Amino acid sequence: MPQLDTNSQAITILPVQEQSLSLRVDEQIHQEAKEYLRAGLQGSANSHRAFVTDLKQYSAWCQQNGYEPTPLSAVALVEYVTFLGRTRSFFTIQRHLASLAKLHRQHKVDSPTTDEQFKVFMKGFKLKKTVRQKQAPDFSLKRFRQALDALPHTPTGLRNRAILLLGFTGAFRRSELAQLDVNHILMDEAGMVIRLDRSKTNQFGEVEEKAVAYANEPEYCPIGALQQWLALLDRDQGPLFVRIRKGERITGERLSDEWVNLLVQHQLGEPYTAHSLRASFVTIAKANGADDLEVMNQTKHRTTTMIQRYDRRRNIRKHNASGKLGL
C-alpha cells in the first residue's frame, strides 16, 4: 500500500498487516482473510485511485498550513473545505470528505466530518455554493449517424464504430466498455447479451447482463458492427476493445476508459463526453415511449430519480404539459 509522503506529517494509508487480525487458524486461511480485508479497505480500483489522489492534495494542504492530518479538528476541516470550494464543485468536495472520513476510520480516530458544527457549516456551504452538477450533453440521432458515417472502413474505423454503437445502445459507462472481454458477448438470432463482471452499481460481481437488439438499418446495427470487429480480432478471449498501432496492426492491449472518452469527443464534438452515450440513450428512448423500467433494465440504475436526471428533454416549449389540458 502506498505512502503519500516521507515527511513527519505524511499521511499513511494503513497496510492490511497493521490491522488487527487474530485468527487462530492455519496460515493459508490467515492470508486469505487478509486479502479480503485489503479489498474491503481499498474498495474498487477506481475508488482507491480517487482516495489516493484526494489524500495527496490533503497532505500537501496540511503541510503548508501546519496541521496534523489525523485527527483533524472541525475548524481545520472548515478551512480546508473553504479552500477546496474555490476551485472544486460541491459534488467533488463530497468525495474529498468521504476520503477524509475513510482516512480517519483507518487510523481509528474520530472524523471531523461528523462534528455538529461542521454539519452546520456544510449546510451553509451548500446553500451558497451552486450544487448543479455539470451534465454531459445529449446528441440527436441525426448527429450520431453523421459521426458513424464519417468513420473509415479500416480496422480502426470498425473498432470505433463498434464502441460507439455498443456504448449508445447498451447505455454503457466508459469504464464498462473498457473492461469488456470477448467472452462477455453472446450473440444469436434474437439479439445480443453482454455480461458485466463489474460496474459502478455492481461492485461485488453479481450476475448482471444487458441485452441489445438488432437495428432496423444494417449500417447502424450494433450487432453487425461488433460482428465485423470480432471477425478482425479473431480470438475468443481477452479484451474486446484493444489498441491499434501504425499500419492498422491490431494489438492485445486493452483500451483505457479515458481513450473511450476521447473517441466520443473526436467523433461527436468537444462538448460531448462518453457519458453522452448514456444520457442520449435515456433521452431518446424516453422520447420514443420507453418506460422507466425498460430504461433502467439497460442503464442498471436502481431508482427512477436517476433516470430523470439523465433525461435531457429540457426544451420547455416542446416538452410542456400546458398544451395537453384540453383547452
Side-chain angles (χ1 to χ4, degrees), residues 1-5 7 9-13 41-107 109-138 173-175 200-201 203 256-262 264-265 270-276 278-279 301 305-306 308-310 312 314:
M1 305 280 282
Q3 289 191 347
L4 302 180
D5 204 344
N7 61 58
Q9 286 190 318
I11 296 175
T12 303
I13 303 175
L41 285 169
Q42 289 187 353
S44 69
N46 286 341
S47 296
H48 186 61
R49 279 194 294 270
F51 178 56
V52 173
T53 299
D54 291 347
L55 294 195
K56 282 182 179 178
Q57 178 168 350
Y58 173 64
S59 179
W61 183 84
C62 286
Q63 176 68 21
Q64 291 168 3
N65 292 277
Y67 286 117
E68 290 291 338
T70 56
L72 190 70
S73 70
V75 172
L77 186 56
V78 162
E79 293 176 1
Y80 184 57
V81 170
T82 304
F83 163 75
L84 291 176
R86 294 175 176 175
T87 57
R88 301 290 194 278
S89 71
F90 178 79
F91 292 95
T92 300
I93 289 172
Q94 283 186 312
R95 191 198 73 198
H96 278 269
L97 291 175
S99 294
L100 295 185
K102 180 177 179 179
L103 173 71
H104 282 72
R105 285 197 305 272
Q106 286 190 354
H107 286 263
V109 293
D110 292 337
S111 171
T113 58
T114 62
D115 182 90
E116 289 302 320
Q117 182 182 5
F118 177 72
K119 290 179 180 179
V120 171
F121 163 80
M122 283 303 297
K123 182 178 180 180
F125 182 84
K126 185 176 181 179
L127 286 169
K128 299 287 286 185
K129 180 88 172 170
T130 176
V131 298
R132 177 171 291 182
Q133 218 168 358
K134 185 179 179 181
Q135 294 184 320
D138 65 309
R173 299 177 178 89
R174 64 182 187 178
S175 59
K200 185 177 180 181
T201 54
Q203 298 288 345
S256 68
D257 60 352
E258 181 55 34
W259 193 96
V260 175
N261 198 55
L262 293 173
V264 173
Q265 291 182 325
E270 191 65 32
Y272 299 97
T273 70
H275 216 60
S276 296
R278 277 169 68 80
H301 284 121
T305 301
M306 289 303 298
Q308 292 164 10
R309 282 183 56 187
Y310 272 65
R312 299 298 193 261
R314 295 294 184 266

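Predicted model, so just to flag it, every value in this text is computed and none were measured. FYI, side chains are in, hydrogens and waters are out, and symmetry mates aren't considered; it's all heavy atoms of this structure.
- Rounding to the nearest 0.5 angstrom, the gap separating the CZ atom in Arg95 from the CZ atom in Phe51 is 11.5 Å.
- Using modelled atom types, one side-chain atom of Thr82 and one backbone atom of Val78 make a donor-acceptor pair closer than 3.5 Å.
- Side-chain contact between Leu72 and His104 is present, with heavy atoms from C-beta onward closer than 4.5 Å.
- A perpendicular orientation is assigned to the rings of Tyr80 and Tyr58, their planes being inclined by more than 60° (bins at 30° and 60°).
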Legend entry - Full working for side chain to side chain contact (heavy atoms under 4.5 Å, CB included) between Val52 and Lys56: CA-CA 6 Å; Val52 173; Lys56 282 182 179 178; 4.0 Å; yes

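- More than 12 heavy atoms of other residues, nucleotides or ligands shown are found within 6.0 angstrom of CG on Asn65.
- Of the possible donor and acceptor atoms, one in the side chain of Asn261 sits under 3.5 Å from a partner among the backbone N and O of Ala274.
- By the 4.5 Å heavy-atom criterion applied to side chains, Val75 and Glu79 are counted as neighbours.
- Considering only heavy atoms from C-beta on, Asp115 stays 4.5 Å or farther from Phe121 through its side chain.
- Side-chain contact between Leu103 and Asp54 is absent, with no heavy-atom pair separated by less than 4.5 Å.
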Legend entry - Stepwise side chain to side chain contact (heavy atoms under 4.5 Å, CB included) test for Leu84 and Thr92: CA-CA 9 Å; Leu84 291 176; Thr92 300; over 6 Å; no

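- Around atom CD of Gln117, no more than 12 heavy atoms belonging to other residues, nucleotides or ligands sit under 6.0 Å away.
- In this structure a side-chain-to-backbone donor-acceptor pair under 3.5 Å is present from Ser73 to Ala76.
- One finds the CD atom of Glu258 at 12.0 Å from the OG atom of Ser175 (value rounded to the nearest 0.5 Å).
- Taking CG of Asp138 as the reference point, atom CZ of Arg278 lies at 14.5 Å (rounded to 0.5 Å).
- For the pair Met122/Lys119, no side-chain contact is recorded, criterion being any heavy-atom separation below 4.5 Å from C-beta on.
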